[in-house]
Amino acid sequence: MSEATRLSHGRVRPGLIVTWTVLFIGGLIMVSPIAFMFSTSLKTADQIYDLRLIPAAPTLANYISVLADGRFMRWFFNSTLIAVLVTLSNCFFDSLVGYTLAKFEFRGRYFIFIAILSTLMIPTEMLVIPWYLMSSQLGWLDSYWGIMFPGMMTAFGTFLMKQFFETVPNDFIEAARVDGLNEFQIWWKVALPLVTPALSALAIFTFLGNWTAFFWPLIVTTSKELYTLPVGLSSFAVEQSIQWEMIMTGAAIATLPTLLVFLVLQRYIVRGVMLAGLKG
């Protein structure tokens, strides 16, 4: 090995060590609140102010008590139902509109696309009043549909899917037409399987976004039976204002699905973020 190579290796190796050290410390800082939340959920009331990460006498009594509360399970069901239905709706409509804008030539296509993208510049807080007035006039207040309708189709999802559909070779589309497939069949059987990474990323982001949604569900619902988990957890925290172990248990249960989604589908999340960055 030449002297220059040894020197270059000597300069690179300390840099890698510093990088990995910084990443490790940053990871610990980000994970520590979650670890403390799960640790506190396993403590009894007299151990709350014991800052040890591993409780002296861990117990599952808090989880049993929270899960035995019928309201909490109802909120869990509401969040699951809404997140799944909105995710399916986004995957269907966003991909269909994205395909139409990417593969069809028609007058006004560019202006329609710009109009859809322009909605990304409007803050959600400015849309709440029109949403609420619309829900009130149509009788959607305090209903599942009232919670779901603002997110059934998104500009971001349409943009993402359009960008990926543009990479699908037109030869595939023409060959499918020659074989006698109609346009819906071409979208479903030919184009959609070729943009699976983008569709997976859209599904994951939509599910997580709706699972953690708080602002709009809080405004549009009044009955506790229709609360989503974040809204219900907020009211639960008010009721259990001095029982931190119960609050942390509820927060831990609400966090578990998002952690599971990330752990199981993290490669799709990373791939989707990378591809979205390249296409954007």
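Although no hydrogens or angles enter the test, the distance criterion places a donor-acceptor pair under 3.5 Å between the side chain of Ser41 and the main chain of Phe38. In this structure, the side chain of Thr100 engages the main chain of Leu96 through a donor-acceptor pair within 3.5 Å. Checking side-chain atoms of Ser89 against main-chain N and O of Leu85 turns up no donor-acceptor pair under 3.5 Å. A donor-acceptor pair is defined here as one N or O able to donate and one able to accept, closer than 3.5 Å; such a pair exists between the side chain of Thr249 and the backbone of Glu245. Judged purely by atom type and a 3.5 angstrom limit, Thr167 uses its side chain to pair as donor or acceptor with the backbone of Phe164. Checked by atom type and distance alone, the side chain of Asp69 pairs as donor or acceptor with a backbone atom of Arg71 at under 3.5 Å. A donor-acceptor pair is defined here as one N or O able to donate and one able to accept, closer than 3.5 Å; no such pair exists between the side chain of Gln163 and the backbone of Leu160. A side-chain donor-acceptor contact under 3.5 Å links Ser39 to the backbone of Leu53. Side chain of Asp94 to backbone of Phe156: no donor-acceptor contact under 3.5 angstrom is found. The backbone N or O of Leu229 lies less than 3.5 Å from a partner atom in the side chain of Ser79, making a donor-acceptor pair.
The NZ atom of Lys103 sits 12.0 Å away from atom CG of Leu101, with the distance rounded to the nearest 0.5 Å. The distance from atom OG1 of Thr154 to atom CD1 of Ile116, rounded to the nearest 0.5 Å, is 10.0 Å. Within the model, atoms CD1 of Ile112 and CG of Leu117 stand 12.0 Å from one another, a figure rounded to the nearest 0.5 Å. For the atom pair CH2 of Trp140 and CE of Met148, the computed distance is 10.5 Å after rounding to the nearest 0.5 Å. For the atom pair CE of Met152 and CG of Asn210, the computed distance is 9.5 Å after rounding to the nearest 0.5 Å. To the nearest 0.5 angstrom, Ser95 atom OG is 5.5 Å from Phe165 atom CZ.
Relative ring orientation between Phe113 and Phe159 is described as parallel, the plane-to-plane angle staying below 30° on a 0-90° scale split at 30° and 60°. Ring geometry for Trp211 against Phe207 counts as parallel: the plane angle stays under 30°, on a 0 to 90° scale with 60° as the upper cut.
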Should Ser135 and Phe149 be marked as a side chain to side chain contact (heavy atoms under 4.5 Å, CB included) after you check the CA-CA gap, both sets of side-chain angles, and the distance that decides it? CA-CA 9 Å; Ser135 298; Phe149 86 89; 3.0 Å; yes
Go through Asn90 and Thr87 one step at a time and tell me if the side chain to side chain contact (heavy atoms under 4.5 Å, CB included) criterion holds. CA-CA 5 Å; Asn90 269 259; Thr87 299; 5.8 Å; no
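The number of heavy atoms from other shown groups lying within 6.0 Å of CD1 (Ile54) does not exceed 12. Applying the 6.0 Å contact sphere to CD1 of Ile129 captures no more than 12 heavy atoms from other residues, nucleotides or ligands.
Side-chain contact between Phe76 and Pro257 is present, with at least one heavy-atom pair separated by less than 4.5 Å. Side-chain contact between Leu141 and Val220: present, with at least one pair of heavy atoms (C-beta onward) separated by less than 4.5 Å. Taking 4.5 Å as the limit, some side-chain heavy atom of Ile253 sits within range of a side-chain heavy atom of Phe72. When side chains are defined from C-beta on, Val22 does not count as touching Thr19, because their heavy atoms never get closer than 4.5 Å. Between Leu60 and Leu42, the closest side-chain pair of non-hydrogen atoms falls below 4.5 Å.
If you run side chain to side chain contact (heavy atoms under 4.5 Å, CB included) between Val231 and each of Phe214, Phe236, Trp216, only Phe214 comes through. When the options Phe104, Phe172, Phe92 are evaluated for a ring-ring contact (aromatic ring centres under 6.0 Å, His included) with Trp187, the one that passes is Phe92.
Heavy-atom minimum distance, Trp75 versus Lys224: NE1-O, 2.8 Å. In terms of heavy atoms, Ile247 sits closest to Leu233 at O-CD1, 4.5 Å. Smallest separation of non-hydrogen atoms from Asn62 and Lys43: ND2-O, 2.8 Å. Between Gln185 and Gly180, the shortest heavy-atom distance links the atoms OE1-O, 4.4 Å. Here the closest non-hydrogen pair linking Leu208 and Thr212 is O-OG1, 3.0 Å. Leu127 approaches Pro130 most closely through the heavy-atom pair O-CD, 3.2 Å.
Put simply, Tyr63 and Met73 are part of the same group of oily side chains (I, L, V, M, F, W, Y) that touch within less than 4.5 Å, one to the next. One hydrophobic cluster, built from ILVMFWY side chains closer than 4.5 Å, cannot hold both Leu218 and Tyr144; they sit in different ones. Hydrophobic clustering, with ILVMFWY side chains joined whenever heavy atoms are under 4.5 angstrom apart, keeps Met153 apart from Ile82. Linking Ile, Leu, Val, Met, Phe, Trp and Tyr whenever their side-chain heavy atoms come within less than 4.5 Å puts Ile173 and Phe106 in one cluster. Met134 is connected to Tyr132 through a chain of hydrophobic side-chain contacts under 4.5 Å among Ile, Leu, Val, Met, Phe, Trp and Tyr, so both are in one cluster.
A ring-centre distance under 6.0 Å is not found for Trp188 and Tyr99.
Take Arg52 and apply the salt bridge (charged side-chain N to carboxylate O under 4.0 Å, His left out) test, not counting sequence neighbours, and it matches Asp50.
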